[in-house]
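Values below: every heavy atom of this structure, side chains too, minus hydrogens, waters and symmetry copies.
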Amino acid sequence: EVRLVESGGGLVQAGGSLRLSCATSAFPNDYFIGWFRQAPGKEREGVSCMFSSNSTSHDSTYYADSVKGRFTISGDNAKNTVWLQMNNLKPEDTAVYYCNAFSGGKDYWGQGTQVTVSS
């Protein structure tokens with residue numbers, strides 16, 4: 001019932017920017033939503049998340065230390081979409097990025113979108 005679809009990944013040079021999008025289905029109540037990433041041979045790690053409260057404004061955000069000051073999460077409940085603006089990208093950011101949502105005690109994942117940052 002709950003589905004998430006990522007888009008916006010691609011190939012960029014170091015220092016460049018990308019904006020990832022996560023289109024979501026409706027949730028019955030408030031929920032956490034955000035982004036994970038997984039590089040080849042590495043564990044999936046949390047990047048950023050926020051608490052969605054049926055508002056165009058979202059507080060309670062989280063950012064991994066490695067992306068603070070460079071990435072910004074935002075959302076638009078009217079569009080059922082969450083974005084991850086990624087600036088000053090580094091080769092270390094190369095990974096498959098997954099949209100994730102947690103609601104009603106259940107965890108939901110998108111299919112992932114590839115982000116590749118060249119040196």
Which distance, rounded to the nearest 0.5 Å, do you find between the [atom1] of [X] and the [atom2] of [Y]?
| X | Y | atom1 | atom2 | value |
| --- | --- | --- | --- | --- |
| Gln13 | Ser119 | CD | OG | 10.5 Å |
| Met86 | Arg37 | CE | CZ | 9.0 Å |
| Met50 | Trp35 | CE | CH2 | 10.0 Å |
| Ser48 | Asn100 | OG | CG | 11.5 Å |
| Glu6 | Thr24 | CD | OG1 | 11.0 Å |
| Cys22 | Tyr98 | SG | OH | 13.5 Å |

Should [X] and [Y] count as side-chain neighbours, where that means a heavy-atom distance under 4.5 Å?
| X | Y | answer |
| --- | --- | --- |
| Gln85 | Ser17 | yes |
| Ile33 | Leu4 | yes |
| Val82 | Ile73 | yes |
| Leu20 | Val115 | yes |

Practice task
State, without any angle test, whether Trp83 and Ser21 hold a side-chain donor-acceptor pair at a distance under 3.5 Å.
Solution key: yes
Handout entry: Residues Thr116 and Gln114: side-chain donor-acceptor under 3.5 angstrom
Key = yes
Problem - Closest heavy-atom pair and its distance - Pro91, Ala14 - result: CD-CB, 4.1 Å
Fill in the blank from the handout: When every non-hydrogen atom of Tyr63 is compared with those of Thr72, the smallest separation belongs to OH-CA, 3.4 Å
Practice task
Let me see the working for Asp76 and Thr81 under side chain to side chain donor-acceptor pair (under 3.5 Å), right down to the final yes or no.
Solution key: CA-CA 6 Å; Asp76 185 339; Thr81 302; over 6 Å; no
Practice task
Evaluate the side-chain contact (heavy atoms from CB on, under 4.5 Å) criterion for residues Asn87 and Phe71: first the C-alpha distance (whole Å), next the side-chain angles of each, then the deciding distance (0.1 Å), finally the verdict.
Solution key: CA-CA 6 Å; Asn87 297 326; Phe71 291 9; over 6 Å; no
Practice task
Flag yes if Val67 and Phe36 sit in one hydrophobic cluster, no otherwise; membership is Ile, Leu, Val, Met, Phe, Trp, Tyr, and two members link when side-chain heavy atoms are under 4.5 Å apart.
Solution key: no
Exercise for the section: Say whether Leu89 and Leu84 are linked into one hydrophobic cluster, either directly or through other cluster members, by side-chain heavy-atom distances under 4.5 angstrom. Expected result: yes
Handout entry: Charged tip of Arg44 within 45° of Trp109 ring normal and under 6.0 Å
Key = yes
Problem - Residue list, salt bridge (charged side-chain N to carboxylate O under 4.0 Å, His left out) with Arg70, at least two apart or on another chain - result: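 Arg70 satisfies salt bridge (charged side-chain N to carboxylate O under 4.0 Å, His left out) with Asp93 only.
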Exercise for the section: Ignoring hydrogens and angles, tell me if any N or O in the side chain of Ser25 forms a donor-acceptor pair with the backbone of Arg3 under 3.5 Å. Expected result: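 Yes, the answer is positive, given that a donor and an acceptor are paired below the 3.5 Å cut-off.
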Practice task
Start with the C-alpha distance between Ser103 and Phe32, add both sets of side-chain angles, then the distance that settles side-chain contact (heavy atoms from CB on, under 4.5 Å), and finish with yes or no.
Solution key: CA-CA 7 Å; Ser103 180; Phe32 291 93; over 6 Å; no
